Amino acid sequence: AEAAERLKAEEAARKAADEAAAKSAAEESERLKREEEEEANKVDPKTRAMMRKWTAATKKVYDDALQQFDDNLLLAEECSKALKATNNASSIKSKASRTELFEALPKISEALDALNKGNHGNHEFMTAAFSVGDRLSRLGVLLTGTTPLDKEPQDWCIRKLMTDDPEHDGNTMHDKTVMHLIRSYQGAEHMVSEIVEHHGRNESIAVPSIKESAVAHKSSLHVDATSIHEQHKTDLQNSPTFSGNLKTLDDTMVEAKFLMESLQGESPKEREAPRGKKAAIELVQSCTVLRDTLDNIFLEAKGDQAALAELFEGGTQRVANLLSLLSGGAATDASPSHGGVAKLMEEDPDHLGSAPNRAILEGLTKSYHAAARISEETESF
């Protein structure tokens, strides 16, 4: 009788546990549904209309990238909070949090890169993900707290973690991880500010491609010639080498602008310090990579202006970013220089402005003018 009672009690306990689990699952499902609805309500009607035009494949690419961003941002925030609260950086718990943190950061960068690549090179993914909500602001707080990136961090953030505990966190591999994420964050922040400025709520937010804006012009071309153009563009877009060069161009541009702006914000004494000299060397290296990558892009395009036009149309900001880097947005032949790398070289003729470095800048300037001509011709369509 006692055994029967015991079995009966265990069965009742299992049933109660199953009911509780089912109720919890239902509540969690309802919570997720509410969160999805709340997230959808954050998106303005024009953005929703834009997103409805995406194919299922495009939507999946966007959803996967955004999910990766959200999941790893939340994980990084939790790890950062745990590390802030610990008094023992060598504890097992701290080591686990640190490992998870520095595994999450590159995944955030990867997701940002995918969103930045967008829907065939336009800004639709960035518009949908970041024009509303707090994703970028949370990432900024995670990276640098309330302190600007060009200042030493004061409150708790990833940068302060790296500064305060260089033995554990400020190693070369982690430095590269954080620097890449900072560059990706700055690029995203700049792009979103451009989207908000130029595509306000009373304007269309979709950025048309050159193919769309020049359709009338292309319709006058011979059908066979058009087919060849389109096939060549498809081949280029599907080429791993071409895609790799384009990614290198965009990533290096963010890096170069970050270095240039960092040096602009430093005094002559700070520029002569080891950190300033290192930044100057890295800036020249970035300019060299940009020059060579642009040459490779032009070479692979084989003079196909239609294919190149999609890379340098105004909406991509590549030409504008190049000019900003070179001369601060002023004419490249202005004397004295108004800004950019050219002004930094004028201010340091013996080192940064040496003859070999100027030759690199001249080569990059020629590549800029080639891209600018393509952009201007495209805008005249």
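Atoms considered below: every heavy atom in the structure, side chains included; atoms not considered: hydrogens, waters and symmetry mates. Values in this document were obtained by computation on a predicted structure and should not be read as measured data.
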If you measure from OG1 on Thr177 to CG on Leu105, what distance do you get to the nearest 0.5 Å?
7.0 Å
Between Leu66 and Leu74, is there shared hydrophobic-cluster membership here, with clusters defined by ILVMFWY side-chain heavy atoms closer than 4.5 Å?
no
What one should report as the nearest heavy-atom pair of Leu283 and Ala256 is CD1-O, 3.5 Å
Partners meeting salt bridge (charged side-chain N to carboxylate O under 4.0 Å, His left out) with Arg159 (sequence neighbours left out)
none
Any heavy-atom pair between the side chains of Glu152 and Thr147 that's under 4.5 Å?
no
Value for CD (Glu10) from NZ (Lys15), rounded to nearest 0.5 Å, stands at 16.0 Å
For Phe125 and Asn116, run side chain to side chain contact (heavy atoms under 4.5 Å, CB included): C-alpha distance rounded to whole Å, both residues' side-chain angles, the deciding distance at 0.1 Å, then the answer.
CA-CA 7 Å; Phe125 284 5; Asn116 188 25; over 6 Å; no
For Tyr185 and Leu136 the tightest heavy-atom approach is CE1-O, 3.4 Å
Identify, with sequence neighbours excluded, every residue that meets side chain to side chain contact (heavy atoms under 4.5 Å, CB included) alongside Glu272.
none
Do you know the tightest heavy-atom contact between Asp113 and Ser184?
OD1-OG, 3.6 Å
Report the distance from atom NE2 of His180 to atom CD1 of Ile108, rounding to the nearest 0.5 Å.
11.0 Å
Closest approach of Ala111 and Gln68, non-hydrogen atoms and distance?
N-NE2, 3.7 Å
I'd like to know whether Glu77 forms a side chain to side chain contact (heavy atoms under 4.5 Å, CB included) with Ser80, so could you lay out the CA-CA distance, the side-chain angles of the two residues, the decisive distance to 0.1 Å, and finally the verdict.
CA-CA 5 Å; Glu77 288 174 327; Ser80 176; 5.8 Å; no
Can you name the residues that form a salt bridge (charged side-chain N to carboxylate O under 4.0 Å, His left out) with Lys59, not counting sequence neighbours?
Asp63
Counting heavy atoms not belonging to Leu7, are there more than 12 under 6.0 Å from its CG?
yes
Quick one: do Glu78 and Leu101 satisfy side chain to side chain contact (heavy atoms under 4.5 Å, CB included)? Show the steps, please.
CA-CA 9 Å; Glu78 291 173 349; Leu101 174 63; over 6 Å; no
For residues 258-266, run the donor-acceptor check on the side chains, cut-off 3.5 Å, and write out each pair with its distance to 0.1 Å, sequence neighbours left out.
residue, atom, partner, partner atom, Å
Ser262, OG, Phe258, O, 2.8

What are the two closest non-hydrogen atoms of Gly363 and Arg291, and how far apart are they?
C-CG, 3.8 Å
Are Asp348 and His351 side-chain neighbours, meaning at least one heavy-atom pair lies under 4.5 Å?
yes
Heavy-atom side-chain proximity of Ile182 to Val178 below 4.5 angstrom:
yes
Measure the spacing between CG of Leu249 and CG of Leu294 and express it to the nearest 0.5 Å.
5.0 Å
Name all residues meeting the side chain to side chain donor-acceptor pair (under 3.5 Å) criterion together with Thr293; count only those two or more places apart in sequence or in a different chain, and write none if there are none.
none
Spell out, as yes or no, whether a donor-acceptor pair under 3.5 Å connects the side chain of Thr288 to the backbone of Val284.
yes
With Arg271, which residues qualify under salt bridge (charged side-chain N to carboxylate O under 4.0 Å, His left out), at least two apart?
Glu347
When you compare the side chain of Leu290 with that of Tyr368, does any pair of heavy atoms fall below 4.5 Å?
no
Do Leu322 and Leu364 pass the side chain to side chain contact (heavy atoms under 4.5 Å, CB included) test, and can you show the C-alpha distance, the side-chain angles, and the key distance before you say yes or no?
CA-CA 9 Å; Leu322 271 171; Leu364 180 56; 4.0 Å; yes
For Asn321 and Gln317: C-alpha separation, side-chain torsions, deciding distance, then whether side chain to side chain donor-acceptor pair (under 3.5 Å) applies.
CA-CA 6 Å; Asn321 286 337; Gln317 293 295 309; 5.6 Å; no
Identify, with sequence neighbours excluded, every residue that meets side chain to side chain donor-acceptor pair (under 3.5 Å) alongside Gln285.
none
Quick check on the hydrophobic clustering: are Val341 and Ile360 connected, directly or via other members, by side-chain heavy-atom contacts under 4.5 Å?
yes
In short, side chain to side chain donor-acceptor pair (under 3.5 Å) pairs touching residues 352-361 with sequence neighbours left out are Ser354-Asn357
Beyond-backbone contact of Ile158 with Thr144, side-chain heavy atoms, under 4.5 angstrom
no
Between Leu149 and Leu142, is there a shared hydrophobic cluster once you connect ILVMFWY residues whose side-chain heavy atoms come closer than 4.5 Å?
yes
Using the side chain to side chain donor-acceptor pair (under 3.5 Å) criterion, which residues pair with Tyr62? Sequence neighbours excluded.
none
Same apolar cluster (I L V M F W Y, side chains within < 4.5 Å links), Leu246/Val289:
no
Listed by chain and number, what are the side chain to side chain donor-acceptor pair (under 3.5 Å) partners of Glu19, not counting sequence neighbours?
none
Answer with yes or no whether the hydrophobic clustering places Val254 together with Phe69; edges join I, L, V, M, F, W, Y residues whose side-chain heavy atoms lie under 4.5 Å apart.
no
Do any N or O atoms from the side chain of Arg135 and from the backbone of Ala129 form a donor-acceptor pair under 3.5 angstrom?
yes
Under the salt bridge (charged side-chain N to carboxylate O under 4.0 Å, His left out) rule, collect the residues that match up with Arg14, sequence neighbours excluded.
Glu11
For a quick test of reading the model, state the closest non-hydrogen atom pair linking Leu83 to Ser94 and the distance between them.
CD2-O, 3.6 Å
Close side-chain approach of Pro106 and Leu181, heavy atoms under 4.5 Å
no
Write out all pairs satisfying salt bridge (charged side-chain N to carboxylate O under 4.0 Å, His left out) with one or both partners inside residues 248-259, taking only residues at least two apart or from two chains.
Arg183-Glu255, Lys247-Asp251, Asp250-Arg318
CE of Met253 to SG of Cys287: how many Å apart, nearest 0.5 Å?
8.5 Å
Got a second to check how far Thr248's OG1 is from Asp292's CG, nearest 0.5 Å?
11.0 Å
Is any side-chain heavy atom of Val141 less than 4.5 Å from a side-chain heavy atom of Cys157?
no
